[in-house]
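Remember, it's a predicted structure, so these values are computed and weren't measured experimentally.
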Amino acid sequence: MEQYEPDRLSPAQVAAMRRSFRSGRAAMTRRSLLRASAGGAFAVGGLGALSACGIPAAGNTQGGVSAEDHSAKEKTVNFSNWTEYIDVDESEKHHPTLDQFKKQTGISVKYTEDINDNVEFFGKIKPQLAAGQDTGRDIIVLTDWLAARLIRLGWVQKLDASNLPHAYANLSQQFREPDWDPGRAYSYVWQGISTVIAYNKKALDGQEVKSISDLLDNTKLKGRVGFLSEMRDSIGMTLLDMGKDPAHFTADDYDAAIARLQKAVDKGQIRRFTGNDYTSDLTSGDFAACVAWAGDVVQLKADSPDIDFIIPESGYMTSTDNMLIPNKARHKTNAERLIDFYYQPKPAAELAAYINYVSPVDGVKPELAKLDPDAANNPLIIPDKAMAAKSHAFRSLSAKEETAFEEKFAKLTGA
């Protein structure tokens, strides 16, 4: 089990965190982004910052540390999530799916939107977790790289499969076996997000874009190409284009991807590396094509007939936000029942219809079609089998790799 040590942030990791806050997926909230044609607010900054928060490992770091489960007597569950990341009724005072859960189970949900960024939220809960204390939360939603770290630290509880029949049966195949939680023993996906290539048809002016190679090598696109300032997305897409698997790449593979992008930077092919502010460049035509987040593209396509996307033949990157139960949670069984509730197709469809992220639930499409046929037929929300088969996840990194890789990426992007 990984031990929690107060390492210090490297300059590259600090730069990565600042990028995430300033312009990356941590910078803006989800629904507000969708309303403003700038969705995709995942904080996947990929920092090794957790181990740098300065708290000594004074407490118990063994996993699965549970308090007495009060679920039977206390019909409640405390759920912490990202802002603007759940369905809301017209009054904006109620969450219909949570109301359904209470009606179905008799369990009330204290729902708190207190997650704005992975690193920031970790700072709130790390003192209790390190000391083996209750955080006051029964469910937390964290991006995959941070979820992996908490599992390794032993700060979240193993799930009871008997309380998760729908989750076990309905989790989409593409999300079942992350290297950081094989078989989903400690986590289940809340929502996923895909990284694709977006383009402006008018700005392309007849040029064809089908791959990352087209972005990097087509001289007619010089100075009108964008890549993301999130390392895992830009490097992951480049690795795929090079025939490498982001789930199993080596340090040499990483260096080769950096070199390939550096060459494009040096010759002026790449205009800049951006966070989700690329949406304005794409709609204005300053970017003819760019690496983009699917949450953005769903809305941009709805707003402009010139915007479209492609899934490269080599594949695309997917990341996830995940539900976990912290150590010492007071209502573990109730939390598991809530996790399982969202793996029933009907509530999963209601959630997907509202927030437009990738649903991790098999069987959701027929239910979503009743609510929003366009969403149900959108592969960026409900990937078909062919698209799901092209999905790839970035492998877990050690603290040493994290520091080295972020330093090289920061040098590439000029961060």
Side-chain angles (χ1 to χ4, degrees), residues 1-2 42 44 50 62-66 69 71 77 79-82 85-86 97 101 115 118 129 137-194 232 245-248 317-327 329 331-345 347-349 351-352 357-364 382-383 385 387-389 391-397:
M1 181 180 297
E2 178 178 341
F42 275 73
V44 191
L50 325 183
Q62 293 182 354
V65 181
S66 61
D69 191 350
S71 293
V77 60
F79 185 5
S80 280
N81 203 351
W82 294 72
Y85 204 17
I86 197 171
T97 55
F101 175 73
I115 306 178
N118 286 289
L129 292 173
R137 299 166 175 86
D138 300 307
I139 298 178
I140 55 178
V141 178
L142 301 175
T143 304
D144 42 24
W145 63 269
L146 179 51
R149 192 61 175 276
L150 264 66
I151 291 171
R152 293 197 302 269
L153 286 166
W155 286 357
V156 294
Q157 297 187 57
K158 191 170 184 177
L159 301 172
D160 183 346
S162 67
N163 292 326
L164 298 159
H166 296 99
Y168 180 81
N170 296 335
L171 177 63
S172 296
Q173 186 61 43
Q174 72 180 104
F175 299 121
R176 282 188 177 268
E177 294 292 334
D179 66 350
W180 48 271
D181 187 16
R184 292 287 176 181
Y186 293 89
S187 68
Y188 268 93
V189 179
W190 175 248
Q191 297 289 284
I193 188 168
S194 302
R232 285 165 171 77
D245 183 352
H248 301 287
M317 298 301 297
T318 296
S319 56
T320 56
D321 274 349
N322 310 274
M323 296 176 281
L324 306 102
I325 300 177
N327 284 354
H331 311 104
K332 181 174 184 286
T333 298
N334 290 347
E336 289 166 339
R337 293 185 70 183
L338 181 57
I339 292 171
D340 194 63
F341 170 79
Y342 277 104
Y343 275 81
Q344 297 178 57
L351 182 63
Y357 282 81
V358 178
S359 175
V361 180
D362 278 345
V364 72
I382 309 294
K385 289 184 178 180
M387 182 171 173
S391 170
H392 296 267
F394 204 90
R395 71 169 173 83
S396 299
L397 300 179

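In terms of modelled atom types and a separation under 3.5 Å, the side chain of Gln157 and the main chain of Lys332 share no donor-acceptor contact. Here the side chain of Arg395 pairs no donor or acceptor atom with the backbone of Trp180 at under 3.5 angstrom. Checked by atom type and distance alone, the side chain of Asp138 never pairs as donor or acceptor with a backbone atom of Val77 at under 3.5 Å. In this structure a side-chain-to-backbone donor-acceptor pair under 3.5 Å is present from Asp340 to Ala167. For the pair Glu177 (side chain) and Gly183 (backbone), a donor-acceptor distance under 3.5 Å is present. A donor-acceptor pair under 3.5 Å links the side-chain atoms of Ser71 to the main chain of Asn334, judged by distance alone. A donor-acceptor pair is defined here as one N or O able to donate and one able to accept, closer than 3.5 Å; such a pair exists between the side chain of Asp179 and the backbone of Ser396. Side-chain N or O atoms of Asn163 include none that pairs as donor or acceptor with a backbone N or O of Arg337 at under 3.5 Å. Between the Asn118 side chain and the Thr143 main chain, a donor and an acceptor come within less than 3.5 Å of each other. With hydrogens and angles disregarded, a donor-acceptor distance shorter than 3.5 Å links the side chain of Asn322 to the backbone of Thr320.
To the nearest 0.5 Å, the span separating CG on Leu142 from CH2 on Trp82 amounts to 8.0 Å. The distance from the CD1 atom of Ile140 to the CZ atom of Phe79 is 10.5 Å, given to the nearest 0.5 Å. The OG atom of Ser172 sits 8.0 Å away from atom CD1 of Ile382, with the distance rounded to the nearest 0.5 Å. For the atom pair CG of Asp362 and CD of Gln174, the computed distance is 9.0 Å after rounding to the nearest 0.5 Å.
Across all their heavy atoms, Val364 and Ser359 have their closest contact at CG1-OG, 3.8 Å. Minimum interatomic distance between Arg232 and Met317 (heavy atoms only, all atoms of both residues): O-CE, 4.1 Å. Across Asp181 and Ser187, no two heavy atoms sit closer than the pair OD2-OG, 2.7 Å. Annotation for His392 and Asp245: closest pair ND1-OD1, 3.8 Å, computed over non-hydrogen atoms. In this structure, Glu336 and Lys158 approach most closely via the heavy-atom pair OE2-O, 4.4 Å. Scanning both residues, Ala335 and Ile325, for their nearest heavy atoms gives CB-CD1, 3.7 Å.
By the 4.5 Å heavy-atom criterion applied to side chains, Val358 and Pro383 are counted as neighbours. Residues Phe341 and Pro347 meet the side-chain proximity criterion, which asks for heavy atoms closer than 4.5 Å. Residues Leu338 and Tyr342 form a side-chain contact, since some pair of their non-hydrogen atoms from C-beta on lies under 4.5 Å apart. With a 4.5 Å cut-off on side-chain heavy atoms, Ile86 and Trp190 count as touching. Between Pro360 and Tyr343 there is a side-chain heavy-atom pair separated by less than 4.5 Å. Two residues are said to be in side-chain contact when any heavy atoms from C-beta on lie closer than 4.5 Å; Leu129 and Leu150 meet this criterion.
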* To do: Output, in order, the C-alpha distance, side-chain angles, deciding distance and verdict of side chain to side chain contact (heavy atoms under 4.5 Å, CB included) for Ile339 and Leu164.
  => CA-CA 7 Å; Ile339 292 171; Leu164 298 159; 3.8 Å; yes
* Step-by-step side chain to side chain contact (heavy atoms under 4.5 Å, CB included) determination, Gln191 to Leu351 -> CA-CA 10 Å; Gln191 297 289 284; Leu351 182 63; 3.5 Å; yes
* Asked: So Trp155 and Tyr186, side chain to side chain contact (heavy atoms under 4.5 Å, CB included) or not? Walk me through it.
  -> CA-CA 10 Å; Trp155 286 357; Tyr186 293 89; over 6 Å; no
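A donor-acceptor contact under 3.5 angstrom links the side chains of Asp321 and Tyr85, judged on distance only.
Side-chain rings of Trp145 and Phe394 stay apart, their centers remaining 6.0 Å or farther from each other.
Listed by chain and residue number, nothing satisfies the salt bridge (Lys or Arg N to Asp or Glu O under 4.0 Å) test with Arg184 (two or more places apart in sequence, or in another chain).
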